[in-house]
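Below: one structure, written as structure tokens.
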Amino acid sequence: MAVDIKGRLSEYFVSIIPVDKEKIISLLEKPSNPGFGDYAIPCFEMAKEKKKRPDELAKELSSRFEGNEIIVRAEARGAYLNLFINRSYFTGEVVKEISRKGFLGLSKKGKNKTVVMDYSSPNIAKPFGIGHLRSTVIGNSLKKIFSFLGYRVIGINHIGDWGTQFGKLITAFKKWGNDDSLKHDPINYLYDLYVQFHRESEKDPSLEDVAREWFNLLEKKDSEATLIWKKFRDLSIEEFRRIYHRLGVEFEHYTGESFYSDMLDSTVEKVQASKITEVSEDALIVPLDDMPPAMLRKKDGSTLYLTRDIAAVLYRKERYNFDLALYVVGSPQMLHFRQLFKVLEKMGIKWGSQCHHIPFGQIRFEDQSMSTRKGNIIFLEEVMDKAVGLASKIIDEKSPHIDNKMDVAEAVGVGSIIFNDLRNSRIKDITFNWNEVLNFNGETGVYLQYTHARISSLLEKYSQKAGGVSYDDSLQFGEEGYDIAILLNDFEDTILKSAQDFEPSIIARYLLELASAFNTFYNAHRVITEDEGISRTRALVVLCVQKVLKTGLELLGIKVVEEM
RNA sequence: GUGCCCAUAGCUCAGUGGACAGAGCAUUGGAUUGCGGAUCCAAGGGUCGGAGGUUCAAAUCCUCUUGGGCACGCCA
């Protein structure tokens, strides 16, 4: 628990007037204008209860306040009671608290709880475009956030490794492909074959029939089809792993759609056993209220994506006994997940409410809509390479002396790509823009990295001059670190809120605010001064900022650097 | 046609019941004989898509409406 400032303030409040403590805590807010005070209580509601005029009540309350060790003065301004608190005191309290616990195991919210996360989930044989970045980095960040809160997190990469598209790929590979090209650059090569298939099949529709036949064989475990499919899969996953490594993303399992292919019949039987299915137009469906029916089997008897997802969720519940199951999948699939969860509900499954779809907006492109089939796509690796290249160039200009430049450029470049994706609400669509992606100024990941690096350098200099820095009760804090301390104190609540809303951007925004507060402080005050006491208290504040920045960036899945 | 999502400064976005609506980018002007200028400070720029309603109080909640996006039984 952070320093409970509102609780402390409200305690004093209830000692002078008869009012519920929780009520005051819920009313306490930050004034819109910092000049009005540090905290404020709007008096409209209490005035109504007491049948008084709000401004008079505020005035009356202010007159009852006496200065004490935590509240310096209280001032009525219109219907608001503005409080000026002891900034030095609270700055010290916050620094003390952070120095003491260092954010290890802050909240035990997730203790003994398991969350299963389904994220990234690219399709084999489709290149890892920036479209896949979102699910990957949002999922990865949520995974780190929940782990931080003590949850056991199972990350599952639900690879798209099954379906009629593999019939197409096998057809194309057998017709035009060769092993050498495949091994050399598997995903791009398969992608080329995929594009070529669609080009050729427009001229010769019979190719579609050949493709269907190959997928049919694959489902029947035909040895040749299986061998080719497995080769595609293994080589592709190898490629994906390389990209994930660059992004710092890890999964507990790479169980794709094919993993569930043997469970489909029994899954359909389970759904049928709950007597909610119907046969309609030769297909097996589950009629749903207020939404289109969910289809379990096509008229030709084969199953669908939804059937596989039902199989997957039943399997995951049985295997992991999760308390929470998250699907980090784009917003176009909202209906699909509503249907999935509704089917669970109709089956009488109580834990269905533990499953959540975490939707996010799509990446759009300024000119054309990107079609995988036609071959228009921006590759994630291209984006990462450009960002890293730019970072590297700037490092050469500005910091030619630093060690391991390549590693630093990689961390800064990739980090900026990740941050760019996480800084806004997930649900918003993103229009891809090179200028924005490669911008290293302002509200960017680079800004945070730079701030962290500069703090590291500052603290290094400080320790060379004055030795290590640690908290002790004799220190007298000034007011200059107050804005920072208030933000530092919000860190834990920020993490909890981002977990509750499944929204990494809340942490991203918070870190920008914190870094900005630090940079303002840094420009206005010297840390290393002739006064030992002042230097030490300021260095402690800065040390806390460093801790929070580092922890926060790691929660977003971004590696921090000491210099850049 | 039905359902869901989005709409706030030129651009990209914060802000889910409280005081004159905030950032970044872009534009303009400033800051370094001292801790990293990838920084900081300042200026201009807004009928919060529109109309009703609820409330002491609405960008925020409700209804309607306009514009954009997505989805809608045999793809995933």
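Proteins get letters first, then strands, A, B, ... in listed order; numbering begins at 1 in each.
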Inset, instruction - Would you classify A:L304 as touching base, sugar-phosphate or nothing, given that sugar-phosphate means primed atoms plus P, OP1 and OP2, and contacts are heavy atoms under 4.0 Å? - result: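 Sugar-phosphate contact only - A:L304 comes under 4.0 Å of backbone atoms but never of a base.
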A:R509 or A:A40: which one's nearest nucleotide on RNA chain B is closer to the 5' end?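 Whichever sits nearer the 5' end wins; that is A:R509.
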- Message: By nearest heavy atom, map A:F44 and A:D429 onto RNA chain B; which one lands nearer the 5' end?
- Response: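 Mapping each residue to its closest nucleotide by heavy atoms, the 5'-most match is A:D429.
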Exercise for the section: Please state how far atom CG in A:N424 lies from atom C1' in B:U8, giving the value in whole angstrom units. Expected result: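 Going from CG in A:N424 over to C1' in B:U8 covers 14 Å.
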| said: Rounded to whole Å, please give me the gap between CZ in A:R426 and C1' in B:C5. | reply: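 Computing the A:R426:CZ to B:C5:C1' distance gives 12 Å.
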In whole angstrom, give me the gap between the [atom1] atoms of [N] and [M].
N: B:C70; M: B:G30; atom1: C1'; answer: 47 Å
N: B:U12; M: B:A51; atom1: P; answer: 23 Å
N: B:U55; M: B:G46; atom1: P; answer: 33 Å

Using only side-chain N and O atoms of [X], determine if any of them is under 4.0 Å from OP1 or OP2 of [N].
X: A:R364; N: B:G69; answer: no
X: A:K428; N: B:C6; answer: no
X: A:K298; N: B:C75; answer: yes

Have a look at A:I187 and tell me which of A:F128, A:F232, A:F240 forms a side chain to side chain contact (heavy atoms under 4.5 Å, CB included) with it.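 Result: among A:F128, A:F232, A:F240, A:F240 is the only option passing the side chain to side chain contact (heavy atoms under 4.5 Å, CB included) with A:I187.
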Return the pairing partner of B:G45 with a 3.5 Å limit on both distances, Watson-Crick or G-U wobble; otherwise return none.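 Pair assignment: B:G45 / none.
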**Item:** Identified pairing partner of B:A7, criterion: Watson-Crick or G-U wobble below 3.5 Å
**Value:**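 The base-pairing partner of B:A7, which may sit in any strand shown, is B:U66.
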Polar pair under 3.5 Å, donor/acceptor by atom type, side chain A:N82, base B:A19: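 Indeed there is one.
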What about the rings of A:W162 and A:F215, do their centers lie closer together than 6.0 Å?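 Ring centroids of A:W162 and A:F215 are less than 6.0 Å from each other.
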**Asked** Nearest of B:G69, B:A76, B:C13 to any side-chain atom of A:Q362?
**Response**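 Closest nucleotide among those given: B:G69.
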Heavy-atom contacts, protein to nucleotides 35-48 of chain B, under 4.0 Å, summarised as B (base), S (sugar-phosphate only) or - (none) per nt, yield BBSBSSS-------
For a quick check under 3.5 Å, do A:H336 and A:D309 share a side-chain donor-acceptor pair by atom type?
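Side chains of A:H336 and A:D309: pair found under 3.5 Å.
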Between the protein and nucleotides 57-64 of chain B, list the N/O to N/O atom pairs that are separated by less than 3.5 angstrom.
none

Working to the nearest 0.5 Å, report the span between CG of A:D429 and CD1 of A:I363.
->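 The distance works out to 9.5 Å.
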